[in-house]
Structure formats: C-alpha cells, structure tokens
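The chains referred to below are lettered A, B, ... by the order of the sequence lines, with proteins before strands, and numbering in each begins at 1.
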Protein chains: 2
Amino acid sequence: MREQVRRAFAVCPIEVGIAVAGGDWKLTIVSKLAEGTHRFGALQRAVGPVSAKTLARQLQALEEDGVVLRVAHAEVPPRVEYSLTEAGVELAKIGEALGRWSAAYLPEPEPVGVLPAADDASLGA
Amino acid sequence: MREQVRRAFAVCPIEVGIAVAGGDWKLTIVSKLAEGTHRFGALQRAVGPVSAKTLARQLQALEEDGVVLRVAHAEVPPRVEYSLTEAGVELAKIGEALGRWSAAYLPEPEPVGVLPAADDASLGA
DNA sequence: CCGTATCCTGATGGATACTG
DNA sequence: CAGTATCCATCAGGATACGG
C-alpha cells in the first residue's frame, strides 16, 4: 500500500478512497479494465490521451493498492496483461456511478462555434 | 463550471467526476455537509486537518461546479453557511460508497509499535 | 512492445500574516 | 468569523529519449 494511502487512514475512509482512486485517469483505467483484460498499449488507446509514463505509474499505484493485477508474459515481443482484482471490480462500479452522476448533473458545455439549430419558432411569425 | 471540469468532458464522464470530486478533502467536505448545513469554522473542524485556505478553495470549486450552496449572512460577526445542492446530495452517496469500499478492501495499516498479541503457537513447542 | 530516466511545467496544498 | 495574500514545498503529469 502506498504512503499516500496510509496517511489517509488517519483522516477518514473517504480520503482513503480518494487516495486510491483520485488521480487523473485512474478510475477511467479501472472502468476500461472492467470490460476485460487489456494489454498496456491497448489500455493506453482505450483510456485516451494519457502518456505512457503516467499510465505506467497509475497502473503501478493501482497494483500496489490491490486494485489491478499485472501479468507479464516472458515472450518476445513482451506482453503484459492487466486485469482487475475483486476490489477493482467493486471500485469500477463506483466509477460507473460517478460517470452517471456527472452525466446527470453536469451539463456538457457547448462546443465553441456550434450554433443551436434553427427551428420554426426562431423564424418568427 | 471550472476549466478543469470543462476539459474533462473531452475525455469521458468518469474524468468529469474526478475533476469535480477528485481533490483532497472534497468528498469528505461533501459527506459532512450531507449531515447538515455547516458554517465555515464548524466545517473545518469536522473535516479534519485542512487549512482554511484549502477549505475555502475547495468550497469555491464545489460551489462553481454546482455541488454546494453558499449563503452569507450580512451580520457582525459574519456568518456563512454551506449546504448541498441536489447534485451534492447525490455526490455524497457516491462518497459514502467509496468510503465503504475502502473500509471493506483496504486493511487499516497497523500503527507502528503495536506488536501482534503473543498466542500459544508463537511460544513454540 | 513495454516500459524507465530525465527534465520540465503547472497545479495543489500548507503556514503565516493580514483584512473586512 | 470568514476568509484572502503571499510565499513556499511537493507532486502530478507531459515530452522526449532511451533500455530490456
């Protein structure tokens, strides 16, 4: 378990959860792994615009906190597969809930330059 | 809505949720407010070892993201009361779920200096 | 292919002192 | 009481180059 997580225990369980899941990309990584085992490269493409360094670090942190499982195959070229532990599966559900929450309560900002479609009313009498 | 949140929309809803709730103390603040309206000072004591500056900033962010409601009373001495919006109430539920998750899956680290109780087995044959 | 090493930047968060 | 201003340390995260 990481030091950051250990320190959060002194405060409250919610902060522990934030310490584990709070970093950028982390819950997205977990939600992608909830769909199935991914290799490193596939995961990077699935998650979005995340750098390899950051993805690797977040995966290490998640592994150390018991959320993801890492299996390296001794092959050439190398193949490393990531999946969820039981704790990870449960955490993924919370991630899904958070995604639903933001979709429900935070209106997507209109992209700049996109005008609302004209309808009959806007054409006047 | 804050710029950080706006950018997260380009990735996925989960990252939006992280952008809103991911900061240190934020979910703890929300969970405390779920127990009822708090004044600034009371909230600071309830949350834990958070500095006034950080608490004020997190509250501003949460207000801007539509999670908390801030009501300032024109009195001397000043009185400011914080409470949750409907979105905040829902977010608090996710915070509770995260707290339960960490309590269930992350074993509390033993405080340094505490030794496991000796039992018969440890005394050897 | 799967990372790590290095360097860099900006954001976060605490301490302290101060204001309305 | 409820913050804000300033300074500061730390760290998260990206870019690039390189190693196994």
Side-chain angles (χ1 to χ4, degrees), chain A residues 2-8 10-12 15 18-29 32-33 37-65 68-83, chain B residues 2-8 10-12 15 18-29 32-33 37-65 68-83:
Chain A
R2 292 168 309 126
E3 179 58 24
Q4 183 189 3
V5 178
R6 192 179 306 272
R7 267 183 280 114
V11 184
C12 82
E15 288 303 313
I18 290 287
V20 172
D24 285 5
W25 309 116
K26 274 191 179 174
L27 274 185
T28 301
I29 291 169
K32 294 300 177 185
L33 289 181
T37 297
H38 282 66
R39 300 181 56 174
F40 186 90
L43 193 54
Q44 184 170 13
R45 284 185 295 276
V47 165
V50 61
S51 67
K53 168 190 168 181
T54 297
L55 180 58
R57 286 224 314 212
Q58 303 293 57
L59 282 169
Q60 287 166 4
L62 290 169
E63 186 190 7
E64 194 170 347
D65 291 334
V68 310
L69 220 57
R70 178 184 186 274
V71 178
H73 300 264
E75 304 172 357
V76 175
R79 182 163 54 97
V80 182
E81 297 190 318
Y82 294 91
S83 58
Chain B
R2 292 170 308 127
E3 179 58 25
Q4 183 189 1
V5 178
R6 193 179 306 273
R7 267 182 280 116
V11 184
C12 81
E15 288 303 314
I18 290 287
V20 171
D24 285 4
W25 309 115
K26 274 190 179 176
L27 274 185
T28 300
I29 291 169
K32 294 299 178 186
L33 289 181
T37 297
H38 282 67
R39 300 181 56 173
F40 186 90
L43 193 54
Q44 184 170 13
R45 284 186 295 275
V47 166
V50 60
S51 67
K53 168 189 167 181
T54 297
L55 180 59
R57 285 223 312 214
Q58 303 294 56
L59 282 170
Q60 286 165 5
L62 290 170
E63 186 189 6
E64 194 170 346
D65 291 334
V68 311
L69 220 56
R70 179 184 184 274
V71 178
H73 300 264
E75 302 171 359
V76 176
R79 181 163 55 97
V80 181
E81 297 190 319
Y82 293 90
S83 57

Problem set entry | 5' precedence on DNA chain D between B/Val80 and A/Gly23 (nearest-nucleotide basis) | B/Val80

Exercise. Looking only at side-chain N and O atoms, does B/Gln58 come under 4.0 Å of OP1 or OP2 in C/dG13?
Worked result: yes

Exercise. OP1, OP2 of C/dC2 versus side-chain N and O of A/Gln44: anything below 4.0 Å?
Worked result: no

Please name all residues satisfying side-chain hydrogen bond (donor to acceptor under 3.5 Å, both in side chains) with [X], sequence neighbours left out, ordered by chain then number.
X       : value
B/Gln58 : none
B/Thr37 : none
A/Ser83 : none

List in chain and number order the residues that pass salt bridge (Lys or Arg N to Asp or Glu O under 4.0 Å) with [X], two or more places apart in sequence or in another chain; answer none if no residue qualifies.
X       : answer
B/Arg39 : none
A/Arg70 : none
B/Glu81 : B/Arg79

For this session: Could you list the residues that satisfy side-chain contact (heavy atoms from CB on, under 4.5 Å) with B/Arg2, not counting sequence neighbours?
Result: B/Gln4, B/Val5, B/Lys26, B/Ala61, B/Glu64, B/Asp65

Exercise. A/Glu81 near the nucleic acid: base, sugar-phosphate alone, or nothing, with a heavy-atom cut-off under 4.0 Å?
Worked result: nothing

Problem set entry | Within residues 69-79 of chain A: residues closer than 4.0 Å to DNA chain C (heavy atoms) | A/Arg70, A/Pro77, A/Pro78

Short N/O separations, protein against nucleotides 7-11 of chain D, under 3.5 angstrom:
{"unit_1": "D/dC7", "atom_1": "N4", "unit_2": "B/Lys53", "atom_2": "NZ", "d": "3.4"}

